[in-house]
There are 2 protein chains.
Amino acid sequence: MREEDFGICPYVTVQKLLSGKWTLIILFLLAKKTMRFSELQREIPRLTQATLTKQLRTLEKDGLIIRTVYNQIPPKVEYSLSDMGEKFKPVIKSLKDWGDEYIMFSKKRDCTKL
Amino acid sequence: MREEDFGICPYVTVQKLLSGKWTLIILFLLAKKTMRFSELQREIPRLTQATLTKQLRTLEKDGLIIRTVYNQIPPKVEYSLSDMGEKFKPVIKSLKDWGDEYIMFSKKRDCTKL
DNA sequence: CTGCATCCAATTTGATACTG
DNA sequence: CAGTATCAAATTGGATGCAG
């Protein structure tokens, strides 16, 4: 891998896109259905408002999700996957399958859990 | 998603395992072939020795790679994928495919590059 | 309901020098 | 060759308070 490859290396790109601590979970939830801000908050209780907002802005800027604002009182905002986000669905699936395998594998290794 | 799900959620698990800035590239390189420390360094010139060491230690601790030490002078250490690392190969493939699509997509969006 | 601004803490990475 | 140790820099996430 040469210096000039970094701008076009898919692994570097993916690493940057998915680097957020909650990125994967947010994409996974939105892959199931379009959700409002408050729904996402309820689904991920350990994530604060401020942080959720930041991560959603990043995902929007990166073109992975769509933010739809309904001009009404009280405000309503919906988040959904963009086209690129939709194309991410198979990746989510393979990540989940591997993650599940890893969890089983870890439990086998970690005898304190048996 | 409830509080107690976090310990067994595959997405949280995967996020933690892949959170290192160079993790994906290292796994990708080792998926192609077993490599020595210095080879990895050459392949990723922007990564310093100290950081490479840390990331390799983390990957080893997480059970994704195997570190083999040859007791000789000068020292020789080889890194290769573990069984779990081998199982990660299809994920690497799907991440790469999506990353490549994303790069093409971005170039279409970013008119300054045309 | 949604979310911004600010400040702070924690974590991660990088630079540099040194070693068996 | 393959590290370790130390310190600085950068990035990130979290807490809190305020607002349209």
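All values below come from the heavy atoms of this structure, side chains included, with hydrogens, waters and symmetry mates left out. Chain letters run A, B, ... following the sequence lines, proteins first and then strands; every chain starts at 1.
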Whether A:Ser82 side chain and A:Leu64 backbone form a donor-acceptor pair below 3.5 Å:
yes

Classify the nucleic acid contact of A:Thr48 as base, sugar-phosphate or nothing, counting any heavy atom under 4.0 Å across all strands shown.
sugar-phosphate

For the helix from C:dC1-D:dG20 to C:dG20-D:dC1, how many degrees between its two end axes (five pairs per end), to the nearest 10°?
50°

Could you tell me the separation between the CD atom of B:Glu60 and the P atom of D:dA2, rounded to a whole number of Å?
15 Å

Selection from D:dG14, D:dG13, D:dG3 that lies nearest to any side-chain heavy atom of B:Gln49:
D:dG3

If you assign each of A:Gln15 and A:Leu56 to its closest nucleotide in DNA chain C, which residue comes earlier from the 5' end?
A:Leu56

Below 4.5 Å, heavy atoms only, C-beta onward: do A:Asp100 and B:Ile8 meet side chain to side chain?
no

Check this one for me: any side-chain N or O of B:Arg36 less than 4.0 Å away from OP1 or OP2 of D:dC1?
no

Side-chain N or O of B:Arg67 less than 4.0 angstrom from OP1 or OP2 on D:dA2?
no

A:Lys33 and A:Glu39: CA distance, side-chain angles, deciding distance, salt bridge (Lys or Arg N to Asp or Glu O under 4.0 Å) verdict:
CA-CA 11 Å; A:Lys33 70 179 208 294; A:Glu39 286 183 282; 3.6 Å; yes

Looking at side-chain heavy atoms only, is the closest gap between A:Glu60 and A:Ile66 below 4.5 Å?
no

Carboxylate-amine/guanidinium proximity below 4.0 Å for B:Asp97 and B:Lys93:
yes

d(CD, A:Gln55; C1', D:dT11) in whole Å:
13 Å

Select one nucleotide: of D:dT4, D:dT16, D:dT12, the one nearest the side-chain heavy atoms of A:Ser19.
D:dT12

Among residues 71-81 of chain A, which ones have heavy-atom contacts with DNA chain C below 4.0 Å?
A:Pro74, A:Pro75, A:Val77, A:Tyr79

Does the side chain of A:Lys21 get closer than 4.0 angstrom to OP1 or OP2 of D:dG14 through an N or O atom?
yes

Identify the residue among A:Trp98, A:Phe105, A:Tyr102 that makes a ring pair (Phe, Tyr, Trp, His ring centres under 6.0 Å) with B:Phe88.
A:Trp98

Output yes when B:Glu101 and B:Lys96 qualify as a salt bridge under the 4.0 Å nitrogen-oxygen rule, no when they do not.
no

Using only side-chain N and O atoms of B:Arg57, determine if any of them is under 4.0 Å from OP1 or OP2 of D:dT4.
yes

Would you mind reading off the distance between B:Lys54 atom NZ and D:dT4 atom C1', rounded to a whole angstrom?
10 Å

Could you check which of D:dT16, D:dA2, D:dG3 has an atom nearest any side-chain atom of B:Thr53?
D:dG3

Roughly how far, to the nearest 0.5 Å, is CE of B:Met84 from CG of B:Leu59?
12.5 Å

With side chains defined as the heavy atoms from C-beta onward, is the minimum distance between A:Gln15 and A:Tyr11 less than 4.5 Å?
no

Just say parallel, tilted or perpendicular for the rings of B:Tyr79 and B:Phe37, cut-offs at 30° and 60°.
tilted

Remember a base hit wins even if backbone is also touched, and classify A:Ser38 as base, sugar-phosphate or nothing at under 4.0 Å, heavy atoms.
sugar-phosphate

Protein-nucleotide distance (A:Leu17, atom CG; D:dT12, atom P), rounded to Å:
12 Å

Provide the start and end nucleotides, 5' to 3', of the part of DNA chain C that has atoms under 4.0 Å from heavy atoms of chain A.
C:dC1 to C:dA5

